[in-house]
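Reading through the structure tokens given below for one structure.
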Amino acid sequence: MSALLITFYILSTITLGSAFLTIYSRNPIHSAIYLVICMISIVGHYLMFNAQFLAMVQVIVYAGAIMVLFLFTIMLMNLNREDEVHKPRITRLGAITVFILISVVLVTVFINSKTIMGEYDVSGEDFQSIKTLGKVLLNDYMVPFEFASILLLVAMIGVVLLSKKEKIEKK
């Protein structure tokens with residue numbers, strides 16, 4: 001086995017393990033930390049695909065900004081143990097069963113898939129450059145880019161409004 005394949009298997013194990021622990025952990029802070037580990041291991045996959053720009057965007061946007069937003073949301077909501085609703089064991093067992101079944105289906109699909117062999121057309125254009133990505137993002141996909149930013153803003157406002165404690169007036 002080549003070193004690249006071993007690296008892929010190690011990164012895949014870390015990604016799947018931390019994703020499972022994100023869902024399975026009872027502590028929301030631990031879940032957020034496991035999610036950061038999962039996102040950082042995905043950076044390793046991007047680097048293996050020679051997509052350095054996507055790897056850095058993954059670190060800056062997801063592992064950085066979004067996780068800070070999640071942690072502030074968790075802290076803002078002030079989740080306490082006594083307020084937490086405990087799910088019955090059958091619900092957790094069902095979630096684990098669904099996770100295992102979906103994992104088996106995905107592994108089966110990947111094992112049985114056939115790669116497309118054919119000619120690779122080289123246009124000579126560098127799609128990894130930030131200049132090309134900027135032109136595509138801010139020209140062709142400007143409207144979806146702005147919709148995504150508005151969606152994030154509305155979600156942030158919604159979290160603040162949901163977590164805001166109402167003042168009870170004493171008469």
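All values reported here derive from a predicted model rather than from experimental measurement.
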Report, as yes or no, whether the 6.0 Å neighbourhood of atom CD1 on Ile90 holds more than 12 heavy atoms from other residues, nucleotides or ligands.
-> no
Linking Ile, Leu, Val, Met, Phe, Trp and Tyr by side-chain heavy atoms under 4.5 Å, what else ends up with Phe99?
-> Phe20, Tyr24, Ile96, Ile100, Val104
Distance col, row Ser25:OG vs Ile33:CD1, nearest 0.5 angstrom, shows 9.0 Å
Drop me the distance from Leu16's CG to Leu11's CG, to the nearest 0.5 angstrom.
-> 11.0 Å
Atom pairs and distances, side-chain donor-acceptor, residues 141-156, under 3.5 Å, sequence neighbours left out:
{"unit_1": "Ser149", "atom_1": "OG", "unit_2": "Glu146", "atom_2": "O", "d": "2.7"}

Ser41 meets the side chain to side chain donor-acceptor pair (under 3.5 Å) criterion, sequence neighbours left out, with Thr15
Mind checking whether Ile40 and Leu35 sit in one hydrophobic cluster, side chains of I, L, V, M, F, W, Y counted as touching below 4.5 Å?
-> yes
Separation between OH of Tyr34 and OG1 of Thr22, rounded to the nearest 0.5 Å | 8.5 Å
Shared hydrophobic cluster, Tyr9 / Met48 (ILVMFWY, side-chain heavy atoms < 4.5 Å) = yes
Pairwise distance OG(Ser12) to CZ(Phe110) - rounded to 0.5 angstrom = 9.5 Å
Rounding to 0.5 Å, atoms OH (Tyr62) and CD1 (Ile42) come to a distance of 10.0 Å
Would you call Phe8 and His45 a side-chain contact if the rule is heavy atoms closer than 4.5 Å?
-> yes
Worked check of side chain to side chain contact (heavy atoms under 4.5 Å, CB included) between Gln58 and Leu54 | CA-CA 6 Å; Gln58 177 80 12; Leu54 286 177; over 6 Å; no
Looking only at heavy atoms, the pair that brings Thr7 and Ala3 closest together is OG1-O, 2.7 Å
Honestly curious: do Val107 and Val98 fall in one hydrophobic cluster under the side-chain, below-4.5 Å linking rule?
-> no
In terms of hydrophobic clustering (I, L, V, M, F, W, Y; side-chain heavy atoms under 4.5 Å; direct or indirect links), are Leu101 and Ile23 co-clustered?
-> no
